[in-house]
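Remarks on the structure that follows.
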Amino acid sequence: CIHATPDIVRFETARAVAAAEGKLRVVASMRLYGQTRPEEVAAMCDGALAAGSAGVSLLGYDVTSDSLLQALKAWAKSRNK
């Protein structure tokens, strides 16, 4: 499932984790293009992890903007402190 907003990411990830019942790891996939705003990137990633996702997958294809990539870079750096 490709999630669209931070609230949807957290909600749908929690549902998927609950459905998996600990039998497999869930990785949330989110779009990194289109209507996604740079200020949403960290909230989407953090929401997925907080809801129990084992990781995040960001789909960008060749249409990801530089501002979205910079937001992803800033989030990644903030996690490695």
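Reckoned from all heavy atoms, side chains included, excluding hydrogens, waters and symmetry mates. In what follows, residues are counted from 1 in the order of the sequence shown.
Between Val26 and Ala20, the closest heavy-atom pair is CG2-CB, 4.0 Å. A pairwise comparison of heavy atoms in Met30 and Cys45 identifies SD-N, 4.1 Å as the closest pair. Across Ala14 and Ala51, no two heavy atoms sit closer than the pair N-CB, 3.7 Å. Nearest heavy atoms, Ala71 versus Pro38: CB-O, 3.4 Å. Closest approach of Val27 to Ala54, counting heavy atoms only: CG2-CB, 4.5 Å. Across every non-hydrogen atom of Arg37 and Leu68, the tightest pair is C-CD2, 3.7 Å.
Val9 places none of its side-chain heavy atoms less than 4.5 Å from the side chain of Ser53. Using a 4.5 Å cut-off on side-chain heavy atoms (C-beta onward), Trp75 and Val56 make contact. With contacts defined as side-chain heavy-atom distances shorter than 4.5 Å, the pair Leu32/Leu72 qualifies. When side chains are defined from C-beta on, Asp46 counts as touching Arg79, because their heavy atoms get closer than 4.5 Å.
Surrounding CD of Gln35 are at most 12 heavy atoms belonging to other residues, nucleotides or ligands under 6.0 Å away.
How far OG1 of Thr5 is from CZ of Arg31: 8.5 Å, rounded to the nearest 0.5 Å. Summarising the geometry, atom OG1 belonging to Thr13 is positioned 10.5 Å from atom CE belonging to Met44; distances are rounded to the nearest 0.5 Å.
Every salt bridge (charged side-chain N to carboxylate O under 4.0 Å, His left out) that Arg15 has, sequence neighbours left out, goes to Glu12.
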